[in-house]
Amino acid sequence: MYLYNSATHRKEEFKTHTPGHVEMYTCGPTVYHFAHIGNLRSYIMEDVLEKYLRFAGYDVNRVMNITDVGHLTSDADEGEDKMLKGARREHKTVMEIAQYYTEAFFDDCRKLNIRRPDVVQPATGMIDDYIRIVQTLIDKGHAYVAGGNVYFDTGTLDRYYVFNDHNEEDLAVGVREGVEEDTNKRNKNDFVLWFTKSKFEDQALKWDSPWGVGYPGWHIECSGISMKYNGEYLDLHCGGVDNAFPHHTNEIAQSESYLGHPWCPHWCHVAHLNTADGKMSKSKGEFLTVSLLEEKGYDPLAYRFFCLQSHYRKNLVFSWDNLDNAVVSYNKLIARLAVLDPADGAVDEAVLAELKGKFQKAMDNDLNTPNGITVLYDILKAKTNGATCWAAVAALDEVLGLKLCEKAADQRAREAKAAAAAPVAGFTVVSESGETDEAVETLIRHRAEAKKVKNFAEADRIRDELKARGVEITDVAGGARWRRV
């Protein structure tokens, strides 16, 4: 299996510290507001990666944090805590905000068929661990106390910029508009490990520490949580591409300085979901959430399908037209599977293995989900029986998470129920090949009934649905003939 490594800027063979076992960490949400669908693109792709690793035979331990303190609006050391901002907006306590939006996040994940990680740890639950790590960094000479805060000293590193070689002058604090220089820092890239009252005296959540009452910085939280639950050697760290700097850069700096050895060899970053106006954000334009998609009549799994049609390292442009196109394709997949009878024959294990192998070849090439979806279409066109097709789709969908078999089964049941309730008398349906297909023939009878009552729009809709399933019909006296094309 080859994955692109953001730290080396090339595709590399994926190897783990312990053969057959993956220690995986994915940055979780800051629970001050609903996740927008751009945030959720990252979680969808991380979910597919985790499920594919399991499909490929790995044992996976996936850990995720919930940030409920310490994440400032700048993503660095400027601005206010996002949790405090959320509490002020809604006139609630920070913990009330955290609980509400944590539940909302996992509700969105359920709708998108995203598996809950093996470990989910709120940041506020590990304060003692952060204090211990920070003290060790001070003792090792990698951190210092200034102005009441504890800072990580990037001057002690041989290399700080892991993911990109930045121009140091471009990052000079005084150059960045609207950012007040922190004169406590020895180096402009130093970052806060622990804040005290010298910053943000109105901070809602505070704890005692050797350096004064305060709270942890955002970056130390992820390092602490990962090292506790993943151990000293992390195999794979994932997140949105905007986390690469400064968040993941700072995680590497503090973790490796604390441990005294390399920490995580492989980094996987998911590209942005953009609108026509640029990067999606909670602060501009229409706030696109899973709930909004549902209000507009969209199945959240159609959005998941929309994301999988694009490679995770490519920026994806969201528009309602683009989503509508994905809905059509998603529904066609379901309709084409529903035409096939899962009880048709026995599963051909050789054909099943061949189809799974084609899928694995696509996914082994840097998690190529567009090519993986192409294999779904190959399955539905394969010259094999219904049982084998259903088994193959079910196997691939363990990774893709689109619930195709479940939805196709529901569609078959609805069509059978409708056929039993409203048979068309005196109407004969025959297949040119002599085969029978209850689902197809039921639709043809419904079309005849729609034409009888002059509901031509419904009749046309059914003809289009049959066409999408690869079925062509010809009206004849007293009935209709059909064939597969």
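The figures here come from the full heavy-atom set of this structure, side chains too, leaving out hydrogens, waters and symmetry mates.
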*Asks:* Using 30° and 60° as the class boundaries, would you call the ring planes of Phe152 and Phe191 parallel, tilted or perpendicular?
*Replies:* parallel

*Asks:* Give me the atom names and distance for the closest heavy-atom approach of Ile373 to Gln309.
*Replies:* CD1-N, 4.0 Å

*Asks:* Are Thr289 and His36 close enough, and set up right, to give a side-chain hydrogen bond (donor to acceptor under 3.5 Å, both in side chains), and what steps lead you there?
*Replies:* CA-CA 5 Å; Thr289 62; His36 62 60; over 6 Å; no

*Asks:* Would you call Lys407 and Asp299 a salt bridge, taking side-chain N to carboxylate O under 4.0 Å as the test?
*Replies:* yes

*Asks:* For the atom pair CD (Gln99) and CD1 (Ile66), what is the distance rounded to the nearest 0.5 Å?
*Replies:* 12.5 Å

*Asks:* Quick one: sort the His17 and Tyr233 rings into parallel, tilted or perpendicular, breaks at 30° and 60°.
*Replies:* parallel

*Asks:* Can you tell me how far apart CD1 (Ile133) and NZ (Lys228) are? Round to the nearest 0.5 Å.
*Replies:* 10.5 Å

*Asks:* Has Glu256 got more than 12 heavy atoms of other residues, nucleotides or ligands less than 6.0 Å from its CD?
*Replies:* yes

*Asks:* Under 3.5 Å, is there a donor on one side chain and an acceptor on the other for Asp324 and Tyr298?
*Replies:* yes

*Asks:* Ignoring hydrogens and geometry, is there a side-chain-to-backbone donor-acceptor pair from Tyr144 to Arg186 under 3.5 Å?
*Replies:* yes

*Asks:* Do Leu316 and Arg41 have side chains that approach each other closer than 4.5 Å (heavy atoms only, starting at C-beta)?
*Replies:* yes

*Asks:* Assert yes or no for the condition that the ring centre distance of Tyr101 to His33 is strictly below 6.0 Å.
*Replies:* yes

*Asks:* Grab the two heavy atoms, one from Pro265 and one from Asn5, that are nearest each other, plus how far apart they are.
*Replies:* O-ND2, 2.8 Å

*Asks:* Show the nearest heavy-atom pair for residues Glu221 and Gly70, with the distance to one decimal.
*Replies:* OE2-CA, 4.0 Å

*Asks:* Looking at CG of Asp397 and CG of Leu333, how far apart are the two atoms once the value is rounded to the nearest 0.5 Å?
*Replies:* 9.5 Å

*Asks:* Flag the pair Thr67 / Met83 as yes when at least one side-chain heavy-atom distance between them is below 4.5 Å, and no otherwise.
*Replies:* no

*Asks:* Is the closest side-chain heavy-atom distance between Ile225 and Tyr25 below 4.5 Å?
*Replies:* yes

*Asks:* Identify the heavy atoms of Gly240 and Ser42 that sit nearest to each other, and give their distance.
*Replies:* CA-OG, 3.7 Å

*Asks:* Are any side-chain N or O atoms of Trp263 and backbone N or O atoms of Gly260, one a donor and one an acceptor, separated by less than 3.5 Å?
*Replies:* no

*Asks:* Any side-chain donor-acceptor pair under 3.5 Å between Asn315 and His272?
*Replies:* no

*Asks:* Establish, from distance only, whether the side-chain atoms of Asp68 and Thr124 form a donor-acceptor pair under 3.5 Å.
*Replies:* yes

*Asks:* Do Trp211 and Asn149 have side chains that get closer than 4.5 Å, going by heavy atoms?
*Replies:* no

*Asks:* Is the closest basic N to carboxylate O distance between Asp47 and Lys51 below 4.0 Å?
*Replies:* yes

*Asks:* Relative to the ring of Tyr160, is the ring of Phe245 parallel (under 30°), tilted (30 to 60°) or perpendicular (over 60°)?
*Replies:* perpendicular

*Asks:* Just so I know, are the side chains of Pro300 and Leu293 near enough to count as touching, which here means a heavy-atom distance under 4.5 Å?
*Replies:* no

*Asks:* State whether the number of non-hydrogen atoms from other residues, nucleotides or ligands found under 6.0 Å of Lys140 atom NZ is greater than 12.
*Replies:* yes

*Asks:* Could you tell me whether Lys15 and Asp235 have a side-chain N and a carboxylate O separated by less than 4.0 Å?
*Replies:* no

*Asks:* With side-chain contact (heavy atoms from CB on, under 4.5 Å) as the test, would you mind laying out the steps for Trp207 and Tyr130 before giving the verdict?
*Replies:* CA-CA 11 Å; Trp207 294 267; Tyr130 312 141; over 6 Å; no

*Asks:* Check the side chains of Glu232 and His261 for a donor-acceptor pair under 3.5 angstrom, ignoring hydrogens and angles.
*Replies:* yes

*Asks:* Between Ser209 and Trp194, does any side-chain donor sit less than 3.5 Å from a side-chain acceptor?
*Replies:* yes

*Asks:* Salt bridge or not between Asp129 and Arg132? Use side-chain N to carboxylate O under 4.0 Å.
*Replies:* yes

*Asks:* Go through the steps for Leu323 and Phe318 under the test side-chain contact (heavy atoms from CB on, under 4.5 Å), then give the verdict.
*Replies:* CA-CA 7 Å; Leu323 182 58; Phe318 176 85; 3.9 Å; yes

*Asks:* Would you indicate whether the side-chain heavy atoms of Gln121 and Val63 approach each other to under 4.5 Å?
*Replies:* no

*Asks:* Ignoring hydrogens and geometry beyond distance, is a side-chain donor-acceptor pair present between Asn371 and Lys361 at under 3.5 Å?
*Replies:* no

*Asks:* I'd like to know if Arg62 pairs up with Glu23 as an ion pair, taking the criterion as any Lys NZ or Arg NE/NH1/NH2 lying under 4.0 Å from an Asp or Glu carboxylate oxygen.
*Replies:* no

*Asks:* Using a strict threshold of under 4.0 Å (side-chain N to carboxylate O), is an ion pair present between Lys111 and Asp107?
*Replies:* yes

*Asks:* Please determine whether a side-chain nitrogen of the Lys or Arg among Lys356 and Glu354 lies less than 4.0 Å from a carboxylate oxygen of the Asp or Glu.
*Replies:* no

*Asks:* Rounded to the nearest 0.5 Å, what's the gap from OH on Tyr312 to CD1 on Ile44? Could you check?
*Replies:* 16.0 Å

*Asks:* Is there side-chain contact between Ile114 and Phe106, with heavy atoms separated by less than 4.5 Å?
*Replies:* no

*Asks:* Please name the pair of heavy atoms, one in Asn65 and one in Gly28, separated by the smallest distance, quoted to 0.1 Å.
*Replies:* OD1-N, 2.7 Å

*Asks:* Check Phe306, Phe305, Tyr303 against Tyr330 for a ring pair (Phe, Tyr, Trp, His ring centres under 6.0 Å) and give me the one that passes.
*Replies:* Phe305

*Asks:* What distance separates Met227 CE from Glu251 CD, expressed to the nearest 0.5 Å?
*Replies:* 9.5 Å

*Asks:* Any idea which heavy atoms bring Ala392 and Leu355 closest together, and the distance?
*Replies:* CB-CD1, 3.8 Å

*Asks:* For side-chain hydrogen bond (donor to acceptor under 3.5 Å, both in side chains), just list the numbers for Tyr52 and Asp364, CA-CA rounded to whole Å, side-chain angles, deciding distance to a tenth of an Å, and then say yes or no.
*Replies:* CA-CA 9 Å; Tyr52 182 67; Asp364 278 348; 2.7 Å; yes

*Asks:* Apply side-chain contact (heavy atoms from CB on, under 4.5 Å) to the pair Asp366 and His311, showing each step before the final yes or no.
*Replies:* CA-CA 9 Å; Asp366 198 21; His311 193 268; 3.3 Å; yes

*Asks:* Please say whether more than 12 non-hydrogen atoms of neighbouring residues, nucleotides or ligands are located less than 6.0 Å from OH in Tyr100.
*Replies:* no

*Asks:* Does atom OH (Tyr377) have a neighbourhood of more than 12 heavy atoms from anything else shown, all under 6.0 Å?
*Replies:* yes

*Asks:* Between Asp118 and Arg54, does any NZ, NE, NH1 or NH2 come within less than 4.0 Å of an OD or OE carboxylate oxygen?
*Replies:* yes

*Asks:* Of Thr154, Thr156, Asn184, Asn250, which is the lone residue that meets side chain to side chain donor-acceptor pair (under 3.5 Å) with Asp190?
*Replies:* Thr154

*Asks:* Is Glu50 salt-bridged to Arg115, cutoff N-O under 4.0 Å?
*Replies:* yes

*Asks:* Using a 4.5 Å cut-off on heavy atoms from C-beta on, say whether the side chain of Asn187 contacts that of Asp153.
*Replies:* yes

*Asks:* Give the intermediate values and the outcome of ring pair (Phe, Tyr, Trp, His ring centres under 6.0 Å) for residues Tyr4 and His269.
*Replies:* CA-CA 9 Å; Tyr4 184 84; His269 289 108; 9.4 Å; no

*Asks:* Rounded to the nearest 0.5 Å, what separates atom OG in Ser6 from atom NE2 in His248?
*Replies:* 9.5 Å

*Asks:* Over 60° means perpendicular and under 30° means parallel, so tell me whether His247 and Trp218 are parallel, tilted or perpendicular.
*Replies:* parallel

*Asks:* With side-chain contact (heavy atoms from CB on, under 4.5 Å) as the test, would you mind laying out the steps for Leu380 and Leu337 before giving the verdict?
*Replies:* CA-CA 7 Å; Leu380 296 171; Leu337 181 60; 4.0 Å; yes

